[in-house]
Amino acid sequence: MNTVLSTLRSPRKLTTEILAGLVTSLALIPEVVSFAVIAGVDPKVALYTSCVMAITIAFVGGRPAMVSAAAGATALVIAPLVASHGLDYLIAAVWLAGALQVVLALAGVARLMRFIPRSVMIGFVNALAILIFSAQLGHLFDVPWLVYPLVAFGIAMVVFIPKLTTAVPAALIAIIVLTGVVVLFGVDVPDVADQGELPGGFPTWMIPDVPLTLETLRIIAPYAVGLALVGLMESLMTAKLVDDITDSHSDKTREAWGQGVANGVAALFGGMGGCAMIGQTMINVKEGRARTRISTFCAGMFLLLLCVTVGDVVGAIPMAALVAVMIVIAVTTFDWHSIAPRTLKLMPVSETLVMLVTVIGTLATDNLAVGVVAGVLTAMVAFARRVAHMTRVRALDVDGVRTYKVSGELFWASSNDLVYQFDYVDDPERVVIDLTDAEVWDASTVATFDSVLHKYSEKGKSATIVGLDGASLRRVEMLSGNLGDS
């Protein structure tokens, strides 16, 4: 198991972590600058946010090697607030969002991850890959023709260099080589400097100039809640993805409150708020082979130092190099097995539908959190429908008594039609409803049986329920007759 201490004692492992952090920091710059444009803030705000969040989460986060920074999903949430009330209100909202994330973490929100089905995770991964790839397309249109051979050469290096050596991340080699080619031959192609102005100094403290009133709270609260929920969902989903890639377990509760702390610290420096950066985390973990917090810390420190001290050099990096790296990440991240004809043939239609809903929901809104929620809701409906169809009712006549044997899981989806399974008119005077092979899960089922008994009573017939035990019996005894008119 890779730990910070074991890595510090191993020059080879430490080098891997440092180089992974360097590659990740270079990939962060154009991404977070573009997110600043979406949010309507100065690029410096997004870059400072990313530096501070990455450094902070390296200490307080629960998922080693995961990178948090100013993100696209959070930028979409706060953009209307920036447009209507400005940067000061944004910072106040980020402070509140950080506090909410800590509270949600302590309340156990991370435990909800167990309810994320595998099909939603696959949809999440595939949507992520498509978003990463589509984000690169903007750098491939209306550009000089030399961009295309540079991107192709960069992709080839990222793919084939690991077959020769893994001592240095292939992505870093590709960035250095392509930058050298562009600078040496004076090739005029878009570079990082074209994406926005890089900061010229270190971040400073910033206290938002907003009145401490209920009106201010009313303004920022909706955005803070959205920021907190979207940030937590993307971060926890990314943490689970990294767990699968690295075959290791992470502390999701710590990651949840760590995100809150990181957002709070970023707000102290005038940050715009953020969450786990999925694409850059994939670069760090898959291309850079990082496994510890050292890489995350280095990504934040390198990002800060590169922007402040050698901004001109960083600005000279051609976008073609970063596009090449991100395209490879997108292609390798996509779960191609999930869309293979044999897989689609074997997989239940409902599972495939859940995956597609997750992907479509994400692509339609450019928000992974929306896609995940849509996928989970679809999975819940599909599961309820499948379980509801497993309920069976059989009628037996013995000595003038009709016994209905009910089997299956009885809840709102399966019990709503149960009232129509009994022959109230032609049944004999005595009716027994045997629930030995059934489980009663909710008040809807109890209300249904109340209605059944009431219908028999109206016909002057005696109906009794038998076979209940345990939680089902307690639920019926507690609720029966107390749910309103039958």
Are the side chains of Val210 and His85 in touch, meaning some heavy atoms are under 4.5 Å apart?
-> no

Stepwise side chain to side chain contact (heavy atoms under 4.5 Å, CB included) test for Val60 and Trp257 = CA-CA 8 Å; Val60 301; Trp257 65 255; 4.0 Å; yes

Check the pair Thr213, Thr216 against side chain to side chain contact (heavy atoms under 4.5 Å, CB included), reporting the backbone distance first and the verdict last.
-> CA-CA 5 Å; Thr213 62; Thr216 298; 3.3 Å; yes

Tell me, please, which residues at least two apart from Leu172 pass side chain to side chain contact (heavy atoms under 4.5 Å, CB included).
-> Leu19, Leu22, Val23, Leu26, Val168, Pro169, Ile176

Closest heavy-atom pair and its distance - Arg289, Thr16 = O-CG2, 3.8 Å

Are any of the side-chain heavy atoms of Glu17 and Val4 separated by less than 4.5 Å?
-> no

For the residue pair Asp191 and Ile317, establish whether any side-chain heavy-atom pair is separated by less than 4.5 Å.
-> no

Residues Asp243, Lys252; criterion salt bridge (Lys or Arg N to Asp or Glu O under 4.0 Å); working and verdict | CA-CA 10 Å; Asp243 287 353; Lys252 303 300 187 302; 2.4 Å; yes

dist Ile55:CD1 -> Arg293:CZ (nearest 0.5 Å) comes out at 15.0 Å

Side-chain polar contacts of residues 138-155 - donor-acceptor pairs under 3.5 angstrom, sequence neighbours left out - could you list them?
residue: Tyr148; atom: OH; partner: Leu140; partner atom: O; Å: 2.5

So, Thr292 side chain and Ile294 main chain: donor-acceptor pair closer than 3.5 Å or not?
-> yes

Rounding to 0.5 Å, atoms OG (Ser25) and CG (Leu47) come to a distance of 11.0 Å

Leu214 atom CG: more than 12 heavy-atom contacts under 6.0 Å | no

Taking all atoms of both residues into account, what is the closest heavy-atom pair of Val32 and Ala69, and its distance?
-> CG1-CB, 4.5 Å

When every non-hydrogen atom of Val77 is compared with those of Gly226, the smallest separation belongs to CG1-C, 3.9 Å

Under the 3.5 angstrom rule, does the side chain of Thr296 hit a backbone N or O of Met66 as a donor-acceptor pair?
-> yes

Do Val376 and Met380 touch side chain to side chain, with heavy atoms closer than 4.5 Å?
-> yes

How about Leu212: does its CG atom have over 12 heavy atoms from other parts shown lying under 6.0 Å from it?
-> no

Just do the side chain to side chain contact (heavy atoms under 4.5 Å, CB included) check on Glu287 and Thr24 with the steps written out, would you?
-> CA-CA 9 Å; Glu287 289 297 321; Thr24 303; over 6 Å; no

Smallest heavy-atom separation, Ala75 atom then Phe35 atom, equals CB-O, 3.6 Å

Identify the heavy atoms of Phe411 and Ala384 that sit nearest to each other, and give their distance.
-> CZ-O, 3.5 Å

Return yes when atom CG of Asp209 has more than 12 non-hydrogen atoms of other residues, nucleotides or ligands closer than 6.0 Å, and no otherwise.
-> no

Has the side chain of Glu255 got a donor or acceptor atom that lies under 3.5 Å from a matching backbone atom of Arg63?
-> yes

Is there side-chain contact between Val52 and Leu304, with at least one heavy-atom pair below 4.5 Å?
-> no

From Ile220 atom CD1 to Ile91 atom CD1, the distance as rounded to the nearest 0.5 Å | 11.5 Å

Donor-acceptor list for residues 262-282 side chains, cut-off 3.5 Å, not counting sequence neighbours:
residue: Asn263; atom: OD1; partner: Gly274; partner atom: N; Å: 2.9
residue: Asn263; atom: ND2; partner: Gln101; partner atom: OE1; Å: 3.0
residue: Asn263; atom: ND2; partner: Gln259; partner atom: O; Å: 3.2
residue: Asn263; atom: ND2; partner: Gly274; partner atom: O; Å: 3.3
residue: Gln280; atom: NE2; partner: Ala27; partner atom: O; Å: 3.2
residue: Thr281; atom: OG1; partner: Val67; partner atom: N; Å: 3.1
residue: Thr281; atom: OG1; partner: Val67; partner atom: O; Å: 3.4
residue: Thr281; atom: OG1; partner: Met277; partner atom: O; Å: 2.6

Which heavy atom in Trp412 sits nearest to a heavy atom in Asp442, and how many Å separate them?
-> N-OD2, 2.7 Å

Heavy-atom distance under 4.5 Å between the side chains of Met319 and Pro30, does that happen here?
-> yes

Leu81 side, atom CG; Leu227 side, atom CG - distance, nearest 0.5 Å = 10.0 Å

Counting N and O atoms only, with roles assigned by atom type, does the side chain of Ser84 sit under 3.5 Å from a partner on the main chain of Pro80, one being a donor and the other an acceptor?
-> yes

What's the verdict on side chain to side chain contact (heavy atoms under 4.5 Å, CB included) for Phe302 and Ile18, showing C-alpha distance, side-chain angles and the deciding distance?
-> CA-CA 9 Å; Phe302 278 131; Ile18 293 174; 3.8 Å; yes

Spell out, as yes or no, whether a donor-acceptor pair under 3.5 Å connects the side chain of Arg386 to the backbone of Val381.
-> no

With a 4.5 Å heavy-atom cut-off, do Thr246 and Val285 have their side chains touching?
-> yes

Could I get the full list of side chain to side chain contact (heavy atoms under 4.5 Å, CB included) partners for Leu5, not counting sequence neighbours?
-> Thr3, Arg9

For the residue pair Trp441 and Ser414, establish whether any side-chain heavy-atom pair is separated by less than 4.5 Å.
-> no

Could you grab the distance from atom CD1 of Ile329 to atom OG1 of Thr332, nearest 0.5 Å is fine?
-> 4.5 Å

Taking only distance into account, with no hydrogens and no angle test, what donor-acceptor pairs under 3.5 Å do side-chain atoms of residues 119-133 form with protein atoms, sequence neighbours excluded?
residue: Ser119; atom: OG; partner: Glu351; partner atom: O; Å: 3.4
residue: Ser119; atom: OG; partner: Glu351; partner atom: OE1; Å: 2.5
residue: Asn126; atom: OD1; partner: Asp335; partner atom: N; Å: 2.8
residue: Asn126; atom: ND2; partner: Ser338; partner atom: OG; Å: 3.1

Name all residues meeting the side chain to side chain contact (heavy atoms under 4.5 Å, CB included) criterion together with Thr343; count only those two or more places apart in sequence or in a different chain, and write none if there are none.
-> His337, Ala340, Met347

Test ring pair (Phe, Tyr, Trp, His ring centres under 6.0 Å) on Tyr223 and Tyr89 and set out the steps.
-> CA-CA 10 Å; Tyr223 299 99; Tyr89 279 83; over 10 Å; no

Output yes when a side-chain donor or acceptor of Thr74 lies under 3.5 Å from a complementary backbone atom of Ala71, and no otherwise.
-> yes

Backbone of Val331 reached by a side-chain donor or acceptor of Trp336 within 3.5 Å | yes

So how far is it from Cys51 SG to Leu303 CG, rounded to the nearest 0.5 Å?
-> 3.5 Å

